[in-house]
Chemist: 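Let me give you the structure first, and then I'll get to my questions.
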Amino acid sequence: MTGFDLTALLAERGGERYELHARHLNHQLPRMLHTIGFDKVYERAQGAYFWDTDGQDYLDMLAGFGVMGLGRHHPVVRKALHDVLDAELPDLTRFDCQPLPGLLAEKLLTYAPHLDRVFFGNSGTEAVETALKFARYATGRGRILYCTHAFHGLTTGSLSVNGEDGFRDGFAPLLPDTALEMGDLDALERELKRGDVAAFVVEPIQGKGVHPTPPGFLRAAQELLHRHKALLIADEVQTGLGRTGDFFAYQHEDGVEPDLVCVAKALSGGYVPVGATLGKDWIFKKVYSSMDRVLVHSASFGANAQAMAAGLAVLSVMEDEQIVAGARHTGDLLRSRLAALVDKYELLHDVRGRGLMIGIEFGRPTSLGLRGRWTMLQAARKGLFAQMVVVPLLQRHRILTQVSGDHLEVIKLIPPLIIGEREVDRFVEAFTAVMDDAHGSGGLMWDFGRTLVKQALQTR
């Protein structure tokens, strides 16, 4: 029998993975992975762990940038996808109304009872694009406000409200926009008084650097926006679905009811890309104001059966396994144990975040010897010390983490929400060992740091 055999193809060509990427995809990715020693070959994954070709396990504290909220290959999500494929549904006819999108929308809205309708797309950046379009149309205004250091996506609309110049450079002109410092209510009010602002889009906890909004800021911003007939958009693409210990991160602050909420990532179950924009009834009715405008905003693969089935399964698991409460408990435990190390290590300056979204920040030490080494790294490139921590966590302790942003001395922990005390113990023990090495008189970390400095200087 002839035909496509995926298992055979992977067995034959899987070993070429890095060469294939170098030749046909983003050639800088394999180059970067080789440089920092992240060019591992993982064979399988389950829950919060990977296994390499030697059968060694690796703890995942990255969760695919937050996509794997339930870990990898959760059996309930897998079964839902098998079921929907076996059902052979008449999917994406475009001229009928299938039940799964309605059921998922209905379920999602129970977690945001002040909202009424949902648009389904395919990614977080598409969810943000939808919110920006809807806000501009509903208000009749063109300008969007956002926070410095924000990340809302990389397509043109969402890039317009991305606060990182490194992503924006070379892609102008973008949409009319204005960046504000997070927490600056006076600046927000000044911009609103100009009368041309459609909305303010904000991450309740910024992914870059892991910075929560100041207490009371979202509520006060919402009042200012509504007074000036502008909208509040909450970008919950990474923070939503339990990541911060509440279903949505904006729910940490009483009285906050965004006009539009963007979700994605964990809603997929790690299988089928999905994005969703939740909003108020009047906004949707203004955008879709007549039958002539029925397709004025749509997505070819939006609301497909596989994505909807995965989303429904994810929400079911979250309730059945009490994922949100678990994330709050485990996050509090992990954060408190890491915070207890701040007084022990002079290179460790802060531990912050909510739930299982935690930032570990490093800073200038006080002792002369460490200060000289720190200065050497900073002179070459800010952010190298955090990278020096990330690499031994993987190489020596088999724990995958990430630096929280370019030129930042912050590591971000966004593990699967299913981790427990065993994973907390493993991470804290490994992190302690790495910090002991960094504070020692010699240490392999500083040897690696000198290598990073040479590479940083070569790429300038």
Chemist: Is it true that T375 and Q378 share a donor-acceptor pair across their side chains at a distance under 3.5 Å?
Modeler: no

Chemist: Give a yes or no on whether the backbone of G275 and the side-chain of S123 come within a donor-acceptor separation of less than 3.5 Å.
Modeler: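 No: the side chain of S123 does not pair with the backbone of G275.
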
Chemist: Run R219 and D254 through salt bridge (Lys or Arg N to Asp or Glu O under 4.0 Å) and show every step you take.
Modeler: CA-CA 8 Å; R219 175 69 180 270; D254 290 341; over 6 Å; no

Chemist: Can you name the one residue among Y49, Y42, F38 that meets ring pair (Phe, Tyr, Trp, His ring centres under 6.0 Å) with Y58?
Modeler: Y42

Chemist: Quick one about Q56 and K40 (side-chain donor to acceptor, distance below 3.5 Å, no hydrogens or angles considered), yes or no?
Modeler: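 Distance-only check fails for K40 and Q56.
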
Chemist: What do the steps show when you test F120 against L104 for side-chain contact (heavy atoms from CB on, under 4.5 Å), and what is the final call?
Modeler: CA-CA 10 Å; F120 287 114; L104 181 55; 3.7 Å; yes

Chemist: In the structure I gave you, are the side-chain heavy atoms of V202 and Y146 within less than 4.5 Å of one another anywhere?
Modeler: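 No, every pair of side-chain atoms sits at 4.5 Å or beyond.
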
Chemist: In this structure, are over 12 heavy atoms from other groups packed under 6.0 Å from E223 atom CD?
Modeler: yes

Chemist: Between H329 and A325, is there a donor-acceptor pair closer than 3.5 Å when you use the side chain of the first and the backbone of the second?
Modeler: no

Chemist: Ignoring hydrogens and geometry, is there a side-chain-to-backbone donor-acceptor pair from K412 to G207 under 3.5 Å?
Modeler: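 Yes, K412 side chain to G207 backbone: donor-acceptor pair under 3.5 Å.
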
Chemist: Determine yes or no for a side-chain-to-main-chain donor-acceptor pair under 3.5 angstrom, with S404 supplying the side chain and G209 the backbone.
Modeler: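 Side chain of S404 to backbone of G209: a pair is present.
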
Chemist: Does K79 come within less than 4.0 Å of D83, counting only side-chain N to carboxylate O?
Modeler: yes

Chemist: For residues H34 and Y18, establish whether the separation of their ring centroids is below 6.0 Å.
Modeler: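 For H34 and Y18, the ring centres are under 6.0 Å apart.
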
Chemist: Which distance, rounded to the nearest 0.5 Å, do you find between the CG of L260 and the CG of D235?
Modeler: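 Those atoms lie 11.5 Å apart.
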
Chemist: Within a strict 4.5 Å, meaning less than it, do heavy atoms of the M388 and F362 side chains meet?
Modeler: no

Chemist: Would you check if T244 and Q251 make a side-chain contact, meaning some heavy-atom pair closer than 4.5 Å?
Modeler: no

Chemist: What pair of heavy atoms forms the shortest contact from A309 to A80, and how long is it?
Modeler: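 Shortest heavy-atom contact: O-CB, 4.0 Å.
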
Chemist: Please check this pair: side chain of E189 against backbone of D186, looking for a donor-acceptor N/O pair closer than 3.5 Å.
Modeler: no

Chemist: Considering all heavy atoms of both residues, which atom of R117 and which atom of D281 are nearest to each other, and what is their separation?
Modeler: NE-OD1, 2.7 Å

Chemist: Please tell me if the side chains of T401 and I360 come closer than 4.5 Å, counting only heavy atoms from C-beta onward.
Modeler: no

Chemist: Under a 4.5 Å cut-off applied to non-hydrogen side-chain atoms, are E203 and T239 in contact?
Modeler: no

Chemist: Compare every heavy atom of L408 with every heavy atom of V403, then report the nearest pair and how far apart it is.
Modeler: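 Between these two residues, the closest heavy atoms are CG1-O, 3.5 Å.
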
Chemist: Working note: L70 + M318, criterion side-chain contact (heavy atoms from CB on, under 4.5 Å); need CA distance, chi angles, decisive distance, verdict.
Modeler: CA-CA 8 Å; L70 299 184; M318 291 188 70; 4.3 Å; yes

Chemist: Kindly check if the number of other-residue, nucleotide or ligand heavy atoms within 6.0 Å of CD (E43) is above 12?
Modeler: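 Count over threshold, so yes.
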
Chemist: For I233 and A199, work out which heavy atoms get closest and say how close.
Modeler: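 So the two residues come closest at CD1-CB, 3.7 Å.
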
Chemist: Kindly compute the distance separating CE (M357) from CD1 (I205), expressed to the nearest 0.5 Å.
Modeler: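 If we round to the nearest 0.5 Å, M357:CE and I205:CD1 are 5.5 Å apart.
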
Chemist: If you count heavy atoms of other groups shown closer than 6.0 angstrom to CZ of F65, is the number above 12?
Modeler: no

Chemist: Where the side chain of T330 meets the backbone of A327, is there a donor-acceptor pair that is under 3.5 Å apart?
Modeler: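 Such a contact is absent between T330 side chain and A327 backbone.
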
Chemist: Keeping the roles fixed (side chain from R243, backbone from P415), state whether a donor-acceptor pair exists under 3.5 Å.
Modeler: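 Side chain of R243 to backbone of P415, a donor-acceptor pair under 3.5 Å: yes, one is there.
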
Chemist: One pair to check against side chain to side chain donor-acceptor pair (under 3.5 Å): H74 and E321. What are the steps and the verdict?
Modeler: CA-CA 12 Å; H74 193 287; E321 299 184 11; 2.9 Å; yes

Chemist: Mind checking the CG-CE spacing from L400 to M61? Nearest 0.5 Å is all I need.
Modeler: 10.0 Å

Chemist: Measure the spacing between CG of L62 and CD of Q402 and express it to the nearest 0.5 Å.
Modeler: 5.0 Å

Chemist: Quick one: does D52's side chain have a donor or acceptor within less than 3.5 Å of a partner on G55's backbone?
Modeler: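 Answer holds: yes.
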
Chemist: Run the side-chain contact (heavy atoms from CB on, under 4.5 Å) test on T277 and E126 for me, step by step, so that the C-alpha distance in whole Å, both residues' side-chain angles and the decisive distance to 0.1 Å come before the verdict.
Modeler: CA-CA 9 Å; T277 306; E126 193 172 330; over 6 Å; no

Chemist: Evaluate the side-chain proximity of L370 to Y345: yes if any heavy-atom separation is below 4.5 Å, no if none is.
Modeler: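 No, every pair of side-chain atoms sits at 4.5 Å or beyond.
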
Chemist: Look at the side chain of E409 and the backbone N and O of K382, then say whether any donor-acceptor pair between them is shorter than 3.5 Å.
Modeler: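 Looks like no, no N/O pair under 3.5 Å.
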
Chemist: Rounded to the nearest 0.5 Å, how far does CD1 of I418 lie from CE of M68?
Modeler: 11.0 Å

Chemist: Can you find a pair of side-chain heavy atoms, one from R352 and one from R335, that are under 4.5 Å apart?
Modeler: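 No, side chains not in contact.
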
Chemist: Is E346 reaching over with its side chain to a backbone N or O of T366, donor-acceptor style, under 3.5 angstrom?
Modeler: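 Indeed, once roles are kept as given, a pair shorter than 3.5 Å links the two residues.
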
Chemist: I need the T130 OG1 to L278 CG distance, nearest 0.5 Å.
Modeler: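 Reported to 0.5 Å precision, the distance equals 11.5 Å.
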
Chemist: Answer whether the closest heavy-atom distance between the side chains of Y271 and H73 falls below 4.5 Å.
Modeler: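 Y271 vs H73: side chains touch.
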
Chemist: Would you check, one step at a time, whether the test salt bridge (Lys or Arg N to Asp or Glu O under 4.0 Å) holds for R72 with D60?
Modeler: CA-CA 10 Å; R72 284 168 168 80; D60 178 18; 2.6 Å; yes

Chemist: Only counting residues at least two apart or in another chain, list the ones meeting side-chain hydrogen bond (donor to acceptor under 3.5 Å, both in side chains) with H226.
Modeler: D259

